2 protein chains.
Amino acid sequence: MEELAFAIGKNIREKRRANGLPQDRFALVAGIDRSYMGRIERGEVSITVEKLYRIAAALQCEPVALLPKISSIHLQPPHKANKSSLKKRQ
Amino acid sequence: MEELAFAIGKNIREKRRANGLPQDRFALVAGIDRSYMGRIERGEVSITVEKLYRIAAALQCEPVALLPKISSIHLQPPHKANKSSLKKRQ
DNA sequence: TCAAGCCACGGCTTATAATCCGTATTTTAA
DNA sequence: TTAAAATACGGATTATAAGCCGTGGCTTGA
């Protein structure tokens, strides 16, 4: 149900297949664990920007080519709802 | 020295200031810890794509507006150099 | 002056990203 | 069909992203 991760994973898979690379070899090129790469493509995990850049590099594209428009994503509130720690300014 | 993180942090700070928001209030809007937001802007930490989207949303811009061109970044090899686990196909 | 706003920075903890290795299942080509 | 390639998926561990709370330093306006 991770909308963002799912959209990214779908884009990665499409481009990878367009490049004719199997998942495990692609993971190797990107310098990412093969099992983790599977999870990324399935949208099961939330990746770092650094991983995004590795993957884009392996696909020879810009990171933005893998990212959905922000308007298409509704991100759910943080797990630890961050409670102010900011003085009210009446 | 994290080139990517530093570039992103710089972009975020610029846009935040352009919006006239102090760091702590901005962190609040983005739903991110104030102290962590400071580290992000200083380029001390590697963030997830999900955080990138939160920040972009708070800045009312697309994530790509915060990301440097891939050609301007040389990413260093993974810490755990991922050793094949892939059969040779001689 | 000093109070308040803004930011840097620290130590510590908690959540989770990422790895490693194995095996089951599906897909594809001969 | 069936063997091999490609992928799914699992458990367990390690690395690190992210949160929490405090403090200190700097700048500016009252």
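As the structure is a computational prediction, the values presented were derived from the model and not from experiment. Residue numbering restarts at 1 for every chain, and letters A, B, ... go by the order of the sequence lines.
Remark: C1' of D/dA15 and NZ of A/K51 are 10 Å apart, rounded to the nearest angstrom. One atom, CZ of B/R25, and another, C1' of C/dA4, lie 15 Å apart when rounded to the nearest Å.
A donor-acceptor contact under 3.5 Å links the side chain of A/S35 to the base of D/dG10. Counting distance only, with no hydrogens placed and no angle test, the side-chain atoms of B/R34 and the base atoms of D/dG22 include a donor-acceptor pair under 3.5 Å. Evaluation of atom-type donor-acceptor distances gives a pair under 3.5 Å for the side chain of A/R39 against the base of D/dG10.
At least one donor-acceptor pair closer than 3.5 Å links the side chain of B/R16 to the backbone N or O of B/L21. A donor-acceptor pair is defined here as one N or O able to donate and one able to accept, closer than 3.5 Å; no such pair exists between the side chain of A/E2 and the backbone of A/E44.
Between B/Q23 and C/dA8 there is a side-chain N or O to OP1 or OP2 distance below 4.0 Å. Between B/R16 and C/dC7, a side-chain N or O to OP1/OP2 separation shorter than 4.0 Å is present. An OP1 or OP2 oxygen of C/dA8 is reached within less than 4.0 angstrom by a side-chain nitrogen or oxygen of B/R42. Residue A/R17 places at least one side-chain N or O under 4.0 Å from the OP1 or OP2 atom of D/dT7. Between A/R13 and the phosphate of D/dA8, there is a side-chain N or O to OP1/OP2 separation shorter than 4.0 Å. Within the 4.0 Å cut-off from OP1 or OP2 of C/dA17, not a single side-chain nitrogen or oxygen of A/T48 is found.
Closest to the side chain of A/P22, out of C/dC9, D/dA6, C/dT19, is D/dA6. In this structure, of C/dC7, C/dT19, D/dG19, it is C/dT19 that holds the atom nearest to the side chain of A/I32.
The shortest non-hydrogen separation linking B/A65 to B/N11 is O-ND2, 4.3 Å.
Of the residues A/K10, A/R17, A/R34, A/R13, the one that meets the salt bridge (Lys or Arg N to Asp or Glu O under 4.0 Å) test with A/E41 is A/R13.
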